[in-house]
Amino acid sequence: MRARVRQRVTLIVLLAALLPLLAVWAIALTISYRAQQNSAQNQQIALTNLAAEDYRRFILNSMDELRNASNTIGNNGNPSQLSDLQLGSQVLFGSSFSEVGVYRVTGERIAVAARLRGVQMPESLAGSPLLQMLQNRQVAIQNPEPLQAVSLPLAPSEVPRFRMALPVLGRANGELILVADISMDRIWETTSRIESAAQMRVLVVNQQGQLLSAANTQSLIEHQDLANLPLLTNGNTIETYTSPFGEEVLGVRTALDPTDWLLIVERPLDVIYSNVRTLALSLSIVIGIALPLVAGIGWYVGRRLALPVQELYASVTRFTNDPKAYTPVHLKTRDELASLGDAFNTMVVGLNASQTKLAKMNEELEGLVVTRTGELHHALAEVQAQNVEQERLLETVRRLSMPTIPITKQILVMPLVGEFSANRAGDINATLLKAIEQQQAKVVIMDITGVPVVDAAVARALINASHAAQLLGARVILAGIRPDMAETLVNLHLDLAVIDTAATLAQAFSRATEYLQTRRR
């Protein structure tokens with residue numbers, strides 16, 4: 001028992017301390033997570049805008065270089081007679097272009113100059129999207145071709161280029177087009193610089209999902225198609241998703257005007273919520289340190305509570321087994337348990353006194369019960385004897401109230417005396433038939449002069465007795481009928497054909513004699 005009490009108290013103390021700590025831990029983590037989430041989104045948007053501004057600045061600078069080169073060609077000499085050497089000296093050197101070329105608006109190439117050996121610009125732009133783009137805007141930009149190399153590091157000639165084109169004005173009067181190729185190395189360097197500074201992944205893709213720039217060249221080879229990227233498929237500008245590079249990230253998308261490129265900045269959730277994990281770990285350490293201390297305090301408190309409870313339980317057990325052998329319990333505490341022990345001692349003393357008094361009362365009660373039982377047996381015997389005597393007297397009364405008196409050999413008189421209940425009325429039939437059978441009577445005179453009241457039960461009993469006597473060959477004459485009795489018999493609508501009536505016993509006897517004489521004739 002002591003172990004159970006100690007365990008329960010320890011558990012209660014532990015839960016009382018641990019639950020608030022866990023609540024604080026959960027609340028702190030929730031608040032920290034939401035604050036970090038909002039901060040990360042705002043920071044991510046700000047970093048994305050800064051990175052986008054850096055890319056836009058590079059693209060705009062390249063467009064300004066192209067415009068300056070176009071003005072130089074259009075204002076010097078005869079642009080349509082420009083040679084490759086002249087083009088290189090006027091435009092290529094001192095610019096960021098990898099290769100430049102001058103074309104007619106119909107697409108034929110006039111001159112070309114390359115920074116490296118090997119010209120990559122086509123002989124003709126016929127069918128090129130650049131010619132259509134130039135009809136709608138001043139500067140046309142064509143996306144680079146997908147990366148074809150599979151060996152690293154890339155040779156300079158293997159680095160993809162994006163192409164820009166601008167009409168040549170001045171003396172050319174818009175009849176010529178200046179085309180420049182810019183190496184993606186410049187974009188890749190910018191991407192690597194931003195990633196290193198902000199601990200995030202920077203991706204440049206076009207509207208079709210082609211990956212144009214990434215800090216890792218291997219990524220450009222393995223993930224050239226990002227058309228299924230969530231930020232491209234659902235149109236959201238910020239979203240949490242699983243990156244094709246295998247991480248849970250927070251991604252932000254923005255457009256890189258004036259191109260049709262999109263800048264996507266991804267930041268791993270592990271990096272974003274590192275502070276939250278640190279906080280969770282710190283709180284877990286605090287809870288882990290506090291847990292043994294709280295458990296020790298709970299064990300000590302449980303022990304202090306369990307010892308008095310054990311003593312009190314042992315005393316209760318001794319009292320239950322043998323109340324007379326109980327020894328008072330004295331708890332060495334100054335709390336409610338000591339008061340409970342004193343109250344229990346007082347209760348035990350009172351119970352023992354009550355038990356003694358109750359035992360004495362039981363002895364007296366047992367003696368009284370024996371005496372009363374004997375008296376009851378004696379009284380019961382007297383009552384039974386009285387009942388037997390009463391039954392005998394009732395039987396005598398029944399015989400006296402319905403006697404059968406033979407007047408002659410064939411005439412029998414049956415006077416009825418007293419009030420008749422339903423049971424007594426039923427005895428009339430049995431008594432009459434028995435007398436007719438014994439006396440072989442032919443006429444029975446039933447004298448009802450001594451019956452004070454003839455009700456429906458008595459009337460029916462008389463009629464039934466008359467019918468039964470007729471079956472035995474005897475005639476019943478009813479004597480002693482008073483006016484009230486006659487009225488009762490009439491109101492009952494009984495069949496009186498089987499019975500004769502007479503006002504007095506003498507009249508009944510006279511009619512009986514006449515009936516017998518008539519039968520002899």
Side-chain angles (χ1 to χ4, degrees), residues 49 51-76 79-80 82 84 86-115 119-146 159-191 204-208 210 212-213 254-263:
N49 292 333
E53 187 62 29
D54 202 357
Y55 284 105
R56 291 191 190 98
R57 189 180 301 111
F58 171 75
I59 295 172
L60 292 176
N61 289 339
S62 299
M63 293 173 62
D64 289 340
E65 285 187 23
L66 187 63
R67 290 191 185 95
N68 293 333
S70 174
N71 293 333
T72 300
I73 294 174
N75 296 325
N76 293 332
S80 61
L82 192 65
D84 294 346
Q86 291 173 337
L87 179 61
S89 60
Q90 294 179 12
V91 177
L92 187 60
F93 298 107
S95 68
S96 60
F97 305 141
S98 298
E99 190 172 351
V100 294
V102 178
Y103 291 82
R104 300 185 187 277
V105 293
T106 55
E108 295 87 359
R109 188 176 70 186
I110 297 176
V112 65
R115 191 176 298 277
V119 175
Q120 296 185 12
M121 282 194 176
E123 291 288 341
S124 174
L125 293 179
S128 174
L130 284 174
L131 297 179
Q132 299 177 356
M133 295 178 188
L134 288 172
Q135 297 175 2
N136 300 323
R137 46 185 165 171
Q138 189 177 5
V139 178
I141 301 176
Q142 183 177 353
N143 294 330
E145 296 294 331
V159 177
R161 306 172 183 177
F162 69 94
R163 186 165 293 169
M164 303 177 67
L166 182 68
V168 179
L169 303 178
R171 295 180 180 179
N173 196 22
E175 296 295 328
L176 300 179
I177 300 172
L178 177 61
V179 180
D181 283 352
I182 303 173
S183 174
M184 290 299 295
D185 263 337
R186 300 287 302 277
I187 300 292
W188 296 351
E189 291 173 1
T190 302
T191 301
V204 178
V205 298
N206 59 19
Q207 296 288 349
Q208 291 73 37
Q210 176 189 348
L212 304 179
S213 177
T254 186
L256 294 178
D257 300 327
T259 66
D260 63 348
W261 298 351
L262 298 174
L263 175 65

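Here the structure is a predicted model, which means the values were calculated and not measured.
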Verify the neighbour count for atom CD of E145: are there more than 12 heavy atoms of other residues, nucleotides or ligands below 6.0 Å? no
Compare every heavy atom of S213 with every heavy atom of T191, then report the nearest pair and how far apart it is. OG1-OG, 2.6 Å
Quick one: CE on M63 to CD1 on I141, what's the gap to the nearest 0.5 Å? 5.5 Å
In the structure I gave you, are the side-chain heavy atoms of N143 and D260 within less than 4.5 Å of one another anywhere? yes
Quick check: does any side chain N or O of R186 sit under 3.5 Å from a backbone N or O of F58, one acting as donor and the other as acceptor? no
Nearest 0.5 Å please: distance from the CZ atom of R161 over to the CD atom of Q120. 4.0 Å
Does the pair L131 and V105 meet the rule for a side chain to side chain contact (heavy atoms under 4.5 Å, CB included), with working shown? CA-CA 7 Å; L131 297 179; V105 293; 6.0 Å; no
Within this structure, what is the CG-CG distance for the pair L262 and N206, rounded to the nearest 0.5 Å? 8.0 Å
Please tell me if the side chains of V91 and V102 come closer than 4.5 Å, counting only heavy atoms from C-beta onward. no
So V100 and L66, do their side chains get closer than 4.5 Å, heavy atoms only? no
Taking side chain as C-beta onward, heavy atoms only, is N76 less than 4.5 Å from Q86? no
Do you know the tightest heavy-atom contact between V179 and A165? CG2-CB, 4.0 Å
Do S183 and R115 have side chains that approach each other closer than 4.5 Å (heavy atoms only, starting at C-beta)? no
When you compare the side chain of S128 with that of Q142, does any pair of heavy atoms fall below 4.5 Å? yes
Counting the benzene-type ring for Trp, do W261 and F162 have ring centres under 6.0 Å apart? yes
Any donor and acceptor pair, going by atom type alone, linking the side chain of D84 with main-chain N or O of A113 inside 3.5 Å? no
Which atom names give the shortest non-hydrogen contact between P160 and W188, and what distance separates them? CD-CH2, 3.6 Å
Shortest non-hydrogen pair, I182 vs M164, comes out as CD1-SD, 3.3 Å
Any chance you could measure N49, atom CG, to D54, atom CG, to the nearest 0.5 Å? 12.5 Å
Tell me whether Q210 contacts the main-chain N or O of P144 through its side chain, where contact means a donor paired with an acceptor under 3.5 Å. yes
Between the CZ atom in R56 and the OG1 atom in T254, the distance rounded to the nearest 0.5 Å is 5.0 Å
What I'd like to find out is whether the side chain of V119 reaches to under 4.5 Å of the side chain of R109, using heavy atoms alone. yes
Supply the atom-to-atom distance L176 CG to I110 CD1, rounded to the nearest 0.5 angstrom. 4.5 Å
Main chain of G107, side chain of S124: is a donor-acceptor contact present, judged purely on distance under 3.5 Å? yes
Could you check whether S96 and E65, counting side-chain N and O atoms only, form a donor-acceptor pair closer than 3.5 Å? yes
Any side-chain heavy-atom pair from P258 and L60 closer than 4.5 angstrom? yes
